[in-house]
Amino acid sequence: MSAAHDDHHHGPAKGISRWLFTTNHKDIGSLYLWFSFAMFLLGGTFAMVIRAELFQPGLQLVEPNFFNQMTTMHGLIMVFGAVMPAFVGLANWMIPMMIGAPDMALPRMNNWSFWILPFAFAMLSSTLLMEGGAPNFGWTFYAPLSTTYAPASVTFFIFAVHIMGASSIMGSINIIATILNMRAPGMTLMKMPLFVWTWLITAYLLIAVMPVLAGVVTMMLFDIHFGTSFFNAAGGGDPVLFQHVFWFFGHPEVYIMILPAFGVVSAIIPTFARKRLFGYDSMVYATASIAFLSFIVWAHHMFTVGMPIAGELFFMYATMLIAVPTGVKVFNWVATMFRGSMTFETPMLFAIAFVVLFTMGGFTGLMLAITPADFQYHDTYFVVAHFHYVLVPGAVFSIMAATYYWLPKWTGYMYDERLGKLHFWLSFIGVNVLFFPQHFLGLAGMPRRIPDYALQFADFNWISSIGGFLFGASQLILLVVVIKCVKGGKKATAQVWEGAQGLEWTVESPAPYHTFTTPPDPKLIHAQ
Amino acid sequence: MLPKAKLWLALTVAAVSMFSTNLQAAWDLNMPQGVTQISRETYDLHMQILWWCVAIGVIVFGVMLWSIINHRKSKGAVSATFHESTKVEIVWTIIPFIILILMAIPATRVLTQAYDASESDLDIQVIGYQWRWEYRYLRQDSLEEEVSFFSSLSTSREQINNQLPKEESYLLEVDNPLVIPINKKVRFLVTSNDVIHAWWVPDFAVKKDAIPGFINEIWAIVEEPGVYRGQCAELCGIEHGFMPIVVHAVPQDEYDAWYAGRQEQAAAAQAMSNSEITRDAAMAEGEAVYNRTCVACHQAGGTGLAPAFPALAGSSVVNGDLTANIELLLNGVPGTAMAAYARQLNPVELASTLTYIRNSFGNRTGDLVQPADVNAILEAQ
Ligand code: HEM
Ligand SMILES: [Cu+2]
Ligand SMILES: [Cu+2]
């Protein structure tokens with residue numbers, strides 16, 4: 001209904017200027033999503049280099065120094081280039097439509113917060129071609145390896161991080177302003193879809209911790225170029241301070257990458273179970289408590305730095321507590337599926353895999369929280385397995401689920417369901433073959449971030465590599481599906497999915513260039 | 001695309017053949033139980049939490065799987081309308097909380113034990129370097145060492161570069177292992193000379209970061225004699241994967257004999273340090289040191305990796321004033337990866353290495369550096 005009233009004089013501009021100068025939330029959402037996919041492929045290529053080198057013991061393909069550059073760049077590109085921009089893209093596309101707003105609150109800033117990203121990543125990637133090579137100190141860039149002992153390109157890395165941080169902060173301000181000010185009449189806070197809620201909380205996390213990241217890289221910059229000794233023990237500084245500041249950013253950062261995923265899954269499961277989300281209120285409170293707890297657990301990444309026992313105990317207990325709200329979420333999703341009327345289209349498959357595999361990552365997270373056990377797990381492949389379980393079949397699967405779920409709304413066509421299912425099953429098998437054996441590697445004693453390993457690790461490593469190649473190759477199917485769906489296919493209805501609820505499904509498919517220029521009928525707004 | 005496909009094919013074939021020859025290799029699945037009380041308790045803790053997780057997983061995924069099978073639309077399932085229950089939410093908040101308390105109690109107990117490093121029988125300082133460990137056996141109640149040595153990877157470059165078959169303890173073997181007595185409380189004082197490393201021996205459940213400017217304590221009472229292997233666990237630069245730890249735990253009398261031998265060796269090396277060496281001996285010793293210590297950065301053939309790691313071939317320092325060259329090797333270059341080797345190598349090794357680099361890679365100074373030349377500069381400093 002509202003779509004019919006849209007202002008037809010304001011269609012998209014023609015040619016490249018549409019994309020360069022756009023202030024339209026849907027265009028900007030698409031830019032973010034395409035950018036993120038490009039970074040996903042780039043970071044994925046680096047991962048393939050890593051897995052190819054680790055296929056067999058001995059050095060085969062790359063030098064250790066280049067190997068370290070690959071692990072570092074893989075981590076940085078995936079975290080800051082693939083996962084975060086993908087969620088911002090989804091936020092741009094969906095939040096205004098979900099709350100019945102015509103656009104984001106600050107459309108010009110929206111354009112700017114996207115367009116500085118390609119510069120940041122071009123700069124970061126260009127370090128690979130510099131003399132001395134790209135950053136090689138890990139995505140956690142511990143000082144003094146990343147300061148006194150760093151390659152010259154570290155300065156470009158610092159500048160790139162600053163730009164990414166600025167982009168994230170602008171993006172979050174925009175999201176908060178949109179959600180708090182632009183909800184349609186009748187869209188009370190407790191009626192907002194959970195995707196909106198989780199993003200609101202995520203945006204606050206981003207505003208709180210991105211400046212901390214900027215601060216820590218600036219301290220590095222001063223140590224490197226201006227003679228300070230923040231992290232240099234010889235000059236009276238403290239290398240452990242680096243880790244405290246970094247992880248004060250770093251732990252909330254991992255929740256920044258997962259809270260929106262919770263939102264996506266909380267939208268998809270009810271749709272395909274044809275049943276209202278179980279425990280909406282408790283989902284909101286659980287998200288808020290996770291966000292709060294995420295600020296007081298950072299030193300669980302630092303159990304081996306030699307903290308006093310009181311510190312170790314505090315961070316152990318606080319970390320264990322996170323399992324409670326996380327558990328509530330998982331139980332709620334399962335309760336939503338229980339006695340539903342389920343169908344298993346591609347978005348649902350990804351969402352179910354998310355619940356199972358993310359929970360497995362949560363289990364290993366709980367194990368890692370147990371300080372004395374973490375002394376054994378820390379800095380081994382067990383940690384690598386843990387965070388890849390929460391980030392790949394966790395965050396990344398949720399992004400894929402979201403893509404399949406909303407693609408018909410974006411393009412106006414149904415995607416190819418057979419290809420989508422193929423993509424799902426190959427990804428599902430690939431990701432488990434890739435990461436499950438890494439638990440064993442870590443327990444058997446294989447440290448992370450090594451280009452070569454002892455012979456007893458050989459078997460699980462080649463298995464893991466095979467899984468990696470399978471997973472990597474399968475992602476090209478997603479590209480095919482999306483391109484096919486943009487070009488055409490079966491026309492999508494406004495509702496798209498039988499069980500879909502929410503304002504975004506009340507506008508036609510594809511969603512018109514401008515939606516909700518007049519607020520939607522309050523009667524369309526239901527409790528979630 | 002085609003050469004790439006061939007590469008994968010080759011790799012796959014290699015993998016399959018490796019798999020068949022390596023069948024006897026252990027498929028280690030789990031954390032080692034280890035040989036200390038703490039390591040066994042850590043293992044028990046690990047298993048206990050694991051079983052809790054398995055149990056919770058079976059219940060949660062079980063309900064989910066059951067719903068997926070039975071509550072599907074294709075079977076005619078009609079969705080129920082319930083969507084909240086405060087009672088249920090409270091139950092599944094409180095039960096996990098109780099389980100967490102049950103986990104936290106033993107965890108706290110084990111942690112408290114592991115943190116009690118008091119009343120040790122033997123103190124050893126462990127110092128991380130890029131990329132080797134130094135062990136200093138401290139006299140009771142003082143920070144002075146009696147015996148100290150460096151411990152570096154002894155696996156050959158040829159094995160790493162696949163020119164020779166890999167031996168059993170590939171990458172987990174060193175030239176000078178750490179030797180400790182069994183059934184004695186050995187305290188390790190862990191620190192670093194450059195970047196952060198981490199000293200880890202899985203069988204002792206001991207892992208501690210080696211941080212420049214800090215000294216961290218850990219300890220172990222090893223109950224069984226044996227050879228225990230570990231690796232540096234914290235990314236510390238290029239050769240991070242190549243700085244293993246090997247500990248020989250031996251009965252006290254064997255330890256005493258070894259220790260006395262070490263003391264004698266130290267005295268002999270002291271005596272040697274002013275003797276003359278021949279050119280051939282210097283070139284051989286220098287090449288060995290170069291391949292162990294310098295090659296990671298300055299590369300085989302002295303080509304370096306510009307710009308962080310300068311080439312030695314044709315270098316103005318290596319071909320220039322000898323004194324300046326000796327000083328650079330002794331003191332390192334602050335603010336770069338070039339370490340100070342005055343402590344890491346003895347005068348014979350230092351002099352031989354200088355002779356070697358000044359007469360290799362196309363450098364032709366003709367110098368034959370003697371330990372006395374190095375000592376003169378060491379003493380002057
Ligand atoms: C129940 C929830 C979780 C708990 C209790 C938990 C606990 C932990 C602990 C203790 C570590 C440190 C391990 C070590 O280095 O020794 C860790 C590492 C990590 N976790 Fe989690 N975690 C949880 C969920 C998550 C989630 C949801 C994410 C992201 C989506 C995540 C991402 C990571 C990452 C990226 C690292 C490793 C960072 C690095 O060292 O490179 N975790 N986790
Ligand atoms: Cu964390
Ligand atoms: Cu290391």
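Predicted model only: the values in this text are computed from it and were never measured. Chain letters run A, B, ... following the sequence lines, proteins first and then strands; every chain starts at 1.
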Contact origin within A:Ala454 toward chain B - heavy atom pairs under 4.5 Å: both
Test item: A:Asn461 side-chain N/O and A:Phe55 main-chain N/O as donor-acceptor pair under 3.5 Å: no
Contact origin within B:Glu234 toward chain A - heavy atom pairs under 4.5 Å: both
A:Pro451 versus chain B, the contacting section by heavy-atom distance below 4.5 Å: side chain
Atom CZ of A:Arg339 with >12 non-hydrogen neighbours under 6.0 angstrom: no
A:Lys275 to B:Phe82 six-membered ring, cation-pi geometry met (6.0 Å, 45°): yes
Main-chain N/O of A:Pro57 paired to A:Asp452 side chain as donor or acceptor, under 3.5 Å: no
Centroid-centroid under 6.0 Å between B:His83 and A:Phe278 rings: no
Toward chain A, the part of B:Thr155 with a non-hydrogen atom under 4.5 Å: neither
Residue pair B:Trp92 / B:Glu89, side-chain donor-acceptor N/O under 3.5 Å: yes
Contact class of A:Leu321 relative to chain B, heavy atoms under 4.5 angstrom: both
Engaged part of B:Gln130 at the chain A interface, taking heavy atoms whose separation is under 4.5 Å: side chain
Segment of B:Thr112 engaging chain A (4.5 angstrom heavy-atom cut-off): both
For chain A, the option from B:Phe214, B:Tyr115, B:Phe309 that forms the most heavy-atom pairs under 4.5 Å: B:Tyr115
Residue among A:Val330, A:Asn332, A:Val355 with most heavy-atom pairs under 4.5 Å to chain B: A:Asn332
Residue A:Pro308 versus chain B: region with a heavy atom under 4.5 Å: backbone
Polar contact flag, side-chain donor to acceptor under 3.5 angstrom, B:Thr42-A:Gln376: no
Heavy atoms of other groups near B:Lys87 NZ, more than 12 under 6.0 Å: no
Contact origin within A:Met316 toward chain B - heavy atom pairs under 4.5 Å: side chain
Side-chain donor-acceptor contact under 3.5 Å, A:Asn65 with A:Asn136: yes
Atom group of B:Asn70 that falls short of 4.5 Å from chain A, counting heavy atoms: neither
Leading residue by heavy atom contact count with chain A [cutoff under 4.5 Å; candidates B:Thr86, B:Leu172, B:Ile218]: B:Leu172
Interface moiety of B:Glu168 toward chain A, non-hydrogen atoms closer than 4.5 Å: backbone
Within the 6.0 Å centroid threshold, strictly below: A:Tyr142 and A:Phe231: no
Contact winner vs chain A - B:Ser74, B:Ala114, B:Gly237, B:Ala210, heavy-atom pairs under 4.5 Å: B:Gly237
Backbone of A:Leu455 reached by a side-chain donor or acceptor of B:Lys166 within 3.5 Å: no
Contacting moiety of B:Ile238, where chain A heavy atoms sit under 4.5 Å: both
Greatest number of heavy atom pairs closer than 4.5 Å to chain A - which of B:Pro96, B:Pro106, B:Ala77: B:Ala77
Chain A contact via B:Asn216 - side chain, backbone, both or neither, heavy atoms under 4.5 Å: side chain
Residue part contacting chain B, namely of A:Tyr317, when any heavy atom lies under 4.5 Å: side chain
Enclosure of B:Phe97 CZ (heavy-atom neighbours >12, cutoff 6.0 Å): no
Contact winner vs chain B - A:Val356, A:Leu441, A:Thr380, heavy-atom pairs under 4.5 Å: A:Val356
Between B:Glu239, B:Glu167, B:Glu84, the one whose heavy-atom pairs under 4.5 Å with chain A are most numerous: B:Glu84
Side chain to side chain donor-acceptor pair (under 3.5 Å) assessment of A:Arg449 paired with A:Thr72: CA-CA 9 Å; A:Arg449 295 169 167 164; A:Thr72 307; over 6 Å; no
Region of B:Glu173 that comes under 4.5 Å of a non-hydrogen atom in chain A: neither
Pairs of heavy atoms under 4.5 Å with chain B: top-ranked of A:Thr336, A:Ile370, A:Val305, A:Thr71: A:Val305
Ring center gap for A:His439 and A:Phe436 short of 6.0 angstrom: yes
Contact winner vs chain B - A:Ala444, A:Ala233, A:Gly58, heavy-atom pairs under 4.5 Å: A:Gly58
Contacting region of A:Ala335 [heavy-atom separation from chain B under 4.5 Å]: both
Chi angles and distances behind the side-chain contact (heavy atoms from CB on, under 4.5 Å) call for B:Leu189, B:Glu217: CA-CA 5 Å; B:Leu189 302 167; B:Glu217 285 185 334; 3.7 Å; yes
Any side-chain heavy-atom pair of A:Gln243 and A:His301 under 4.5 Å: no
4.5 Å side-chain heavy-atom contact, B:Ile101 and B:Ile105: yes
B:Trp52 portion near chain A, given a 4.5 angstrom heavy-atom threshold: neither
Residue A:Ala143 versus chain B: region with a heavy atom under 4.5 Å: backbone
Heavy-atom contact with chain A under 4.5 Å, split by part of B:Val60: both
Under 4.5 Å from any heavy atom of chain A - which part of B:Leu235: both
Check against side chain to side chain donor-acceptor pair (under 3.5 Å), A:Glu312 and A:Thr371: CA-CA 7 Å; A:Glu312 306 265 306; A:Thr371 310; 5.0 Å; no
Heavy-atom contact with chain A under 4.5 Å, split by part of B:Phe242: side chain
Selection from B:Val190, B:Ile95, B:Ile68, B:Ile56 maximising heavy-atom pairs under 4.5 Å formed with chain A: B:Ile68
Heavy-atom pair count under 4.5 Å with chain B, highest-scoring of A:Ile352, A:Asp281, A:Asn232: A:Ile352
Residue B:Ala198 versus chain A: region with a heavy atom under 4.5 Å: neither
Partner chain B: residue of A:Ile224, A:Ile309, A:Leu313, A:Val334 with the largest heavy-atom pair count (under 4.5 Å): A:Ile309
Parallel, tilted or perpendicular, as decided by the 30° and 60° cut-offs, for the rings of A:Phe460 and A:Phe440: tilted
Which portion of A:Tyr453 sits near chain B, non-hydrogen atoms under 4.5 angstrom: backbone
Which atoms of A:Phe457 approach chain B - backbone, side chain, both or neither, heavy atom under 4.5 Å: side chain
Any B:Ile196 side-chain heavy atom under 4.5 Å of A:Leu145 side chain: no
